[in-house]
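The chains referred to below are lettered A, B, ... by the order of the sequence lines, with proteins before strands, and numbering in each begins at 1. These figures come from a predicted structure and were not determined experimentally. Computed from heavy atoms alone, side chains included, the values below leave out hydrogens, waters and symmetry copies.
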Amino acid sequence: MTRKRVLIVDDSKTALMMSHMILKRSEYDVMTATSGKEAVEKAASFRPDLILLDVVMPEMDGFAAARAIRESELRDVPIIMVTTRGEAENIERGYSCGCNEYVTKPVDPTELLAKVQSFLGVDEGGRA
Amino acid sequence: VTSDTRRPGAFVQQAYEQTREYMAKILEENERLRLELVKRSEELARRDESAESSSEHARENEYLRQMVTLLEDRIRGLEKTNLDQLSELARLQSRLGRLEEQLDHVIFENKEYLRQFRTIERVHGNLMNLYVTSYRLHGSPERAEVISAINETIINLVGSEDVGVYEREGESNLMRLVGYYGDEPPATAQVLSLDDPSVGPLLAAGSLYCSDGATPVVGPGGRSLRVLVPLRLGSKLAGAILVYGLLPQKNDTLEDVDLEVFDLLGSQAAAALFTSRVHAWAPVLTN
């Protein structure tokens with residue numbers, strides 16, 4: 001059985017560590033990236049089953065990264081936008097860039113895990 | 001016949017007349033008897049019909065009586081069945097009552113487990129926040145990394161993008177802005193004095209301050225403070241974190257976990273800043 005793969009993208013080490021700890025409880029295979037550009041590159045090789053994507057990042061922000069991922073072979077991979085910007089226009093922009101769901105910071109661990117599991121299933125261990 | 005010898009034909013005539021009268025009477029009697037016979041015949045016929053009808057009634061009555069007997073038996077059977085079913089129904093209702101009691105108990109237990117689960121999840125989340133905060137503060141001796149860790153903790157774990165981090169200059173009454181997140185702070189916000197009439201008393205008190213909105217405290221740069229976290233190094237005041245506002249999704253509400261993070265920052269951030277300062281001096285000291 002193969003573990004589900006999740007790519008976490010955030011320029012904040014604190015946010016990365018927090019999301020990683022939350023997902024570790026379900027034993028997903030996790031990879032991290034600290035910019036949108038790095039996320040697009042790592043997604044191509046890691047082939048994640050789901051992407052957690054921050055919005056405000058250097059080089060390439062989350063919106064641009066989502067568009068780039070949607071234009072690649074990973075057009076069907078669920079993207080959850082994780083953002084401090086909870087305003088409606090930002091959320092709408094995220095959806096228009098190809099995000100499937102959004103979570104606002106500070107992240108509620110239960111909410112984040114539930115939304116991830118809603119895409120990847122609730123099987124123990126995050127296995128396919 | 002009376003004899004009348006004076007007229008030879010008179011006797012015959014008289015006999016004839018008498019015979020004719022007699023015959024008329026016989027015919028009349030005959031007719032009466034015929035009518036009587038007809039009448040009796042009709043009566044007899046009626047009696048026969050009546051007898052036949054009675055017989056049919058009797059047969060029908062017998063059939064109906066049998067039917068009544070059958071129906072009575074059927075009713076008695078149904079009554080018995082009904083009683084059995086009522087008894088079964090009472091037994092099932094009793095069982096249903098017990099099952100409902102068990103279900104209520106299970107629902108109550110589930111609610112209790114759910115409440116405990118949520119409590120555990122909340123505590124687990126709080127511990128994760130504190131662990132990440134502590135890990136990040138002390139994860140690197142690099143000064144920029146420590147300041148970044150303080151900002152990131154406030155942004156990602158508390159929920160604010162309007163923060164200033166001040167560090168005290170030695171034993172002086174001045175604190176200098178060493179890190180911020182949000183809009184570029186004005187020049188007047190670069191320095192914070194312990195003698196400031198507004199913020200000074202809060203720093204001197206040395207405990208966490210959260211604005212209740214009623215009596216706003218104006219910080220450096222003329223902006224109202226939402227939170228002030230004095231940074232302590234032992235018993236010494238070594239700096240402060242000033243939070244000017246929370247993210248909209250926080251609804252201007254600080255939760256217990258936020259206060260715990262502030263408390264941890266108050267006791268650990270100064271030590272991390274001090275360590276980073278020592279680390280920066282280390283090459284100079286060793287040389």
Heavy-atom closest contact (A:Met18 atom, B:Gly125 atom, distance):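 Of all heavy-atom pairs spanning A:Met18 and B:Gly125, the closest is CE-O, 4.2 Å.
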Listed once per pair and sorted, the side chain to side chain donor-acceptor pair (under 3.5 Å) pairs that draw on residues 231-247 of chain B, sequence neighbours left out: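 Every side chain to side chain donor-acceptor pair (under 3.5 Å) pair that includes a residue of residues 231-247 of chain B, provided the two are not neighbours, is B:Glu171-B:Lys236.
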So does [X] have more than 12 non-hydrogen atoms from other groups sitting under 6.0 Å from [atom1]?
X        : atom1 : result
A:Lys115 : NZ    : yes
B:Asp256 : CG    : no
B:Asp183 : CG    : no
A:Glu89  : CD    : yes

Examine whether an atom of [X] lies under 4.5 Å from a heavy atom of chain A, and if so say whether it belongs to the side chain, the backbone or both; otherwise answer neither.
X        : answer
B:Leu247 : side chain
B:Val257 : neither
B:Asn129 : both

Residues in [range] that sit under 4.5 Å from chain B, counting heavy atoms only:
range                      : answer
residues 75-88 of chain A  : A:Thr83, A:Thr84, A:Arg85, A:Gly86, A:Glu87
residues 39-55 of chain A  : none
residues 91-110 of chain A : A:Thr104, A:Lys105, A:Pro106, A:Val107, A:Pro109, A:Thr110

Spacing of [atom1] belonging to [X] relative to [atom2] belonging to [Y], to within rounding of 0.5 Å:
X        : Y        : atom1 : atom2 : answer
A:Ser19  : B:Asn156 : OG    : CG    : 8.5 Å
B:Asn151 : A:Thr14  : CG    : OG1   : 9.5 Å
A:Met21  : B:Tyr135 : CE    : OH    : 10.5 Å

